[in-house]
K.L.:
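Before I ask anything, here is the structure I am working with.
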Amino acid sequence: MTLDTLENLLVERDGAIATLTINRPKVLNALNTQTIDELGRALLAIKNDDGVRAVIVTGAGEKSFVAGADINELAAQTPIGGRELARRGQRVFDLIEHLGKPVIAAINGYALGGGCELALACTVRIAVDTARLGQPEINLGIMPGYGGSQRLSRLIGRGAALELLLTGDQISAADAYRLGLVNRVVTAANLMGEARKLALMLASKAPIAVRYILDAVNRGLEMPLPEALDFEATLFGLVAATDDMREGTKAFLEKRKAEFRGK
Ligand code: CO8
């Protein structure tokens with residue numbers, strides 16, 4: 001990956017796992033345009049790199065995952081510019097959802113506004129027990145623009161989403177877990193270890209099956225059920241033609257661990 005010119009994003013690669021760290025701790029990792037663009041560049045490189053099989057996204061420092069879009073930039077928006085800025089961020093977050101590999105949000109503190117929206121675009125969310133999550137845009141007289149009004153309601157349901165979106169309240173990691181907004185809650189000492197353990201486990205699975213499951217769920221949820229079931233059956237037909245399918249079934253019958261190669 002040739003990403004040495006990034007200023008606000010750390011990109012680390014450890015075998016099949018890439019870790020992206022939003023790195024503006026002085027402003028609690030708020031997402032300005034440059035950071036969004038850098039995230040987009042790194043994600044494109046990861047999408048095109050078959051060697052990366054799982055990704056972790058986290059925030060620099062101990063206090064914050066991402067405290068939202070950069071309010072300095074928001075304060076100066078025009079209608080046209082605001083729409084364009086929202087679409088730009090949405091395209092990057094869509095890239096996360098449709099990366100074709102699992103993305104784990106390691107939520108190490110505040111995940112507010114655009115930060116909560118970033119986590120929502122990820123495949124799995126693991127939060128530190130001190131994390132605070134929410135969509136406080138309403139308190140700034142605005143609304144979510146990076147997919148929050150759509151992904152939050154799809155993930156936790158209309159009623160709970162509307163309450164969070166309209167009150168702007170920050171909630172604890174424990175409450176986020178109860179709502180299904182995060183998958184797991186861990187201590188700060190265990191956060192990156194748990195994220196890596198899960199990333200390694202997911203990276204060991206058959207990559208084509210992983211990609212199709214992500215597609216079946218993410219795209220299928222946007223379709224009427226009969227079409228979505230047809231889509232699932234088509235993907236099932238395709239995955240049944242892979243070497244990994246032959247290896248997986250053979251390994252089971254031979255009582256050994258499967259070695260998946262993504263073919
Ligand atoms: N943008 C810019 N700067 C920020 C942001 C932010 N989102 N969040 C924190 N900062 C800055 C603070 O201004 C402060 O800077 P300085 O040291 O220069 O005063 C520094 O980070 C540290 O923050 P605090 O002193 O406020 O730290 P506290 O521990 O007292 O409070 C909070 C932490 C509660 C997280 C507090 O900082 C806060 O409320 N931040 C704003 C949270 C928020 O409202 N986020 C939503 C932003 S709107 C949004 O995300 C919309 C997304 C969609 C946009 C689509 C179109 C672009």
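As the structure is a prediction and not an experimental result, all values here were calculated from the model.
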K.L.:
Write down the atom of Phe93, the atom of Ile36, and the distance for their closest heavy-atom approach.
P.N.:
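Closest heavy-atom pair between Phe93 and Ile36: CE1-CD1, 4.1 Å.
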
K.L.:
If you round to the nearest 0.5 Å, how far is CG of Asp215 from CD of Glu97?
P.N.:
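Nearest 0.5 Å value for the CD-CG distance: 10.5 Å.
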
K.L.:
Charged N to carboxylate O under 4.0 angstrom, Glu254 versus Lys250?
P.N.:
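Here Glu254 pairs with Lys250 in a salt bridge, since their nearest N and O are under 4.0 Å apart.
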
K.L.:
Go through the steps to decide whether Arg41 and Thr5 satisfy the test side-chain hydrogen bond (donor to acceptor under 3.5 Å, both in side chains), and finish with yes or no.
P.N.:
CA-CA 11 Å; Arg41 281 176 57 196; Thr5 54; 3.3 Å; yes

K.L.:
State the CG-CG distance between Leu95 and Leu43, to the nearest 0.5 angstrom.
P.N.:
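Here the interatomic distance stands at 5.0 Å.
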
K.L.:
Surrounding CG of Asp14 (heavy atoms of other residues, nucleotides or ligands, distance under 6.0 Å), is the total greater than 12?
P.N.:
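No, the 6.0 Å shell around CG holds no more than 12 heavy atoms from other groups.
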
K.L.:
So, are Arg13 and Asp49 salt-bridged, with charged N and O less than 4.0 Å apart?
P.N.:
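Yes, this pair counts.
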
K.L.:
Run the salt-bridge test on Asp94 and Arg91 with the 4.0 Å N-O cut-off and return the result as yes or no.
P.N.:
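Judged by the 4.0 Å cut-off on N to carboxylate O distance, Asp94 and Arg91 do not form a salt bridge.
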
K.L.:
Going by heavy atoms in the side chains, are Thr123 and Lys101 under 4.5 Å from each other?
P.N.:
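A side-chain contact is absent here, since even the closest heavy-atom pair is not under 4.5 Å.
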
K.L.:
Inspect the contact between Glu247 and Lys263 and indicate whether a charged nitrogen and a carboxylate oxygen are less than 4.0 angstrom apart.
P.N.:
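Salt bridge absent between Lys263 and Glu247.
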
K.L.:
Tell me whether Asn108 contacts the main-chain N or O of Ser64 through its side chain, where contact means a donor paired with an acceptor under 3.5 Å.
P.N.:
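At least one qualifying donor-acceptor pair exists.
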
K.L.:
Examine Leu31 and Leu28 and state if one hydrophobic cluster contains both, with Ile, Leu, Val, Met, Phe, Trp and Tyr joined whenever side-chain heavy atoms are less than 4.5 Å apart.
P.N.:
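No, it is not one cluster - the side chains of Leu31 and Leu28 are not joined through contacts under 4.5 Å.
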
K.L.:
Please examine the side chains of Arg261 and Asp243, heavy atoms only from C-beta on, and report whether any two atoms are closer than 4.5 Å.
P.N.:
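Counting from C-beta outward, Asp243 and Arg261 do come under 4.5 Å.
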
K.L.:
Please check if the number of heavy atoms outside Glu84 that lie under 6.0 Å from its CD is greater than 12.
P.N.:
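Correct, the count exceeds 12.
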
K.L.:
With a 4.5 Å cut-off on side-chain heavy atoms, are Asn8 and Ile22 touching?
P.N.:
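A side-chain contact is absent here, since even the closest heavy-atom pair is not under 4.5 Å.
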
K.L.:
When you measure from the side chain of Glu73 to the backbone of Ala69, do you find a donor-acceptor pair of N or O atoms at a distance under 3.5 Å?
P.N.:
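Flag not set: sc Glu73 to bb Ala69 has no pair under 3.5 Å.
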
K.L.:
Treating Ile, Leu, Val, Met, Phe, Trp and Tyr as nodes and any side-chain heavy-atom pair under 4.5 angstrom as an edge, say whether Val124 and Val55 lie in one connected cluster.
P.N.:
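Different clusters: Val124 never reaches Val55 through Ile, Leu, Val, Met, Phe, Trp or Tyr contacts under 4.5 Å.
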
K.L.:
Looking at every heavy atom in both Phe231 and Ala216, which two are closest together, and how far apart are they?
P.N.:
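The pair with the smallest heavy-atom distance is CE2-CA, 4.0 Å.
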
K.L.:
Could you check if a side-chain atom of Leu6 sits within less than 4.5 angstrom of a side-chain atom of Leu9, using non-hydrogen atoms only?
P.N.:
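Contact flag for Leu6/Leu9 side chains = yes.
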
K.L.:
Identify the two heavy atoms, one from Ala60 and one from Asn29, that lie closest to each other, and give their separation to 0.1 Å.
P.N.:
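That closest heavy-atom pairing would be O-ND2, 3.0 Å.
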
K.L.:
Are Leu164 and Tyr177 connected, step by step, through hydrophobic side chains (Ile, Leu, Val, Met, Phe, Trp, Tyr) whose heavy atoms are closer than 4.5 Å?
P.N.:
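Both belong to a single hydrophobic cluster.
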
K.L.:
Which heavy-atom pair separates Thr35 from Ala30 by the least distance, and what is that distance?
P.N.:
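Smallest interatomic distance, heavy atoms only, reads OG1-O, 4.4 Å.
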
K.L.:
I'd like to check Glu38 versus Val11 (side-chain heavy atoms, cut-off strictly below 4.5 Å). Are they in contact?
P.N.:
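The answer is no; the side chains never approach within 4.5 Å.
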
K.L.:
Check the pair Leu120 / Leu181 against side-chain contact (heavy atoms from CB on, under 4.5 Å), numbers first and verdict last.
P.N.:
CA-CA 8 Å; Leu120 284 167; Leu181 174 49; 3.6 Å; yes

K.L.:
Counting only heavy atoms not in Gln34, do more than 12 sit closer than 6.0 Å to its CD atom?
P.N.:
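Yes, CD of Gln34 has more than 12 neighbouring heavy atoms, counting only those of other groups under 6.0 Å.
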
K.L.:
Just how far is it from atom OG1 of Thr78 to atom CZ of Arg83, taken to the nearest 0.5 Å?
P.N.:
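Here the rounded value is 12.0 Å.
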
K.L.:
Please examine the side chains of Ile138 and Thr167, heavy atoms only from C-beta on, and report whether any two atoms are closer than 4.5 Å.
P.N.:
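Thr167 does not reach Ile138 side chain to side chain.
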
K.L.:
Calculate, to the nearest 0.5 Å, the distance between atoms CD and CD1 belonging to Glu12 and Ile56 respectively.
P.N.:
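Between Glu12 CD and Ile56 CD1, I get 9.5 Å after rounding to 0.5 Å.
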
K.L.:
For Ala131 and Ile107, which heavy atoms make the closest approach, and how far apart are they?
P.N.:
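Closest pair (atom of Ala131, atom of Ile107, distance): CB-CG2, 4.1 Å.
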
K.L.:
Is Arg158 salt-bridged to Glu163, cutoff N-O under 4.0 Å?
P.N.:
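Looking at Glu163 together with Arg158, the answer is no, because their closest N to O distance does not fall below 4.0 Å.
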
K.L.:
Among Val103, Leu133, Leu155, Val57, find the one that has a side-chain contact (heavy atoms from CB on, under 4.5 Å) with Arg125.
P.N.:
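Of all the options given, the one that passes is Leu155.
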
K.L.:
Can you list the steps and then say if Phe65 with Leu112 is a side-chain contact (heavy atoms from CB on, under 4.5 Å)?
P.N.:
CA-CA 9 Å; Phe65 174 68; Leu112 301 175; over 6 Å; no

K.L.:
Hey, could you give me the CD/CZ distance between Glu227 and Arg219, rounded to the nearest 0.5 Å?
P.N.:
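Rounded to the nearest 0.5 Å, the CD-CZ separation comes to 14.0 Å.
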
K.L.:
Please report the closest heavy-atom contact between Thr187 and Val128, naming both atoms and the distance.
P.N.:
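Smallest heavy-atom distance, with atoms named: C-CG2, 3.9 Å.
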
K.L.:
Within the structure provided, determine whether Tyr212 and Leu238 are in side-chain contact (heavy-atom separation under 4.5 Å).
P.N.:
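Tyr212 reaches Leu238 side chain to side chain.
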
K.L.:
If you draw a 6.0 Å radius around CG in Leu253, do more than 12 non-hydrogen atoms from other residues or ligands fall strictly inside?
P.N.:
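Yes, enclosed.
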
K.L.:
Does this structure show an ion pair linking Arg151 with Glu117, if we count only N-O contacts that are shorter than 4.0 Å?
P.N.:
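Judged by the 4.0 Å cut-off on N to carboxylate O distance, Arg151 and Glu117 do not form a salt bridge.
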
K.L.:
Do Val92 and Leu152 land in one hydrophobic cluster if side-chain heavy atoms of ILVMFWY residues count as linked below 4.5 Å?
P.N.:
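Result: yes, single cluster for both.
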
K.L.:
Quick check: is Leu198 connected to Leu214 through a chain of hydrophobic side chains (ILVMFWY, heavy atoms under 4.5 Å apart)?
P.N.:
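No: no chain of side-chain contacts under 4.5 Å links Leu214 to Leu198.
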
K.L.:
Is there side-chain contact between Cys122 and Ile96, with heavy atoms separated by less than 4.5 Å?
P.N.:
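In short, these two side chains touch, coming nearer than 4.5 Å.
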
K.L.:
Please report the interatomic distance CE(Met143) to OG(Ser149), rounded to the nearest 0.5 Å.
P.N.:
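Nearest 0.5 Å value for the CE-OG distance: 4.5 Å.
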
K.L.:
Applying side-chain contact (heavy atoms from CB on, under 4.5 Å) to Val27 and Arg24, what does each step give before you reach the verdict?
P.N.:
CA-CA 6 Å; Val27 287; Arg24 299 183 78 211; 3.7 Å; yes

K.L.:
What's the verdict on side-chain contact (heavy atoms from CB on, under 4.5 Å) for Arg88 and Thr33, showing C-alpha distance, side-chain angles and the deciding distance?
P.N.:
CA-CA 9 Å; Arg88 215 156 143 173; Thr33 312; 3.3 Å; yes

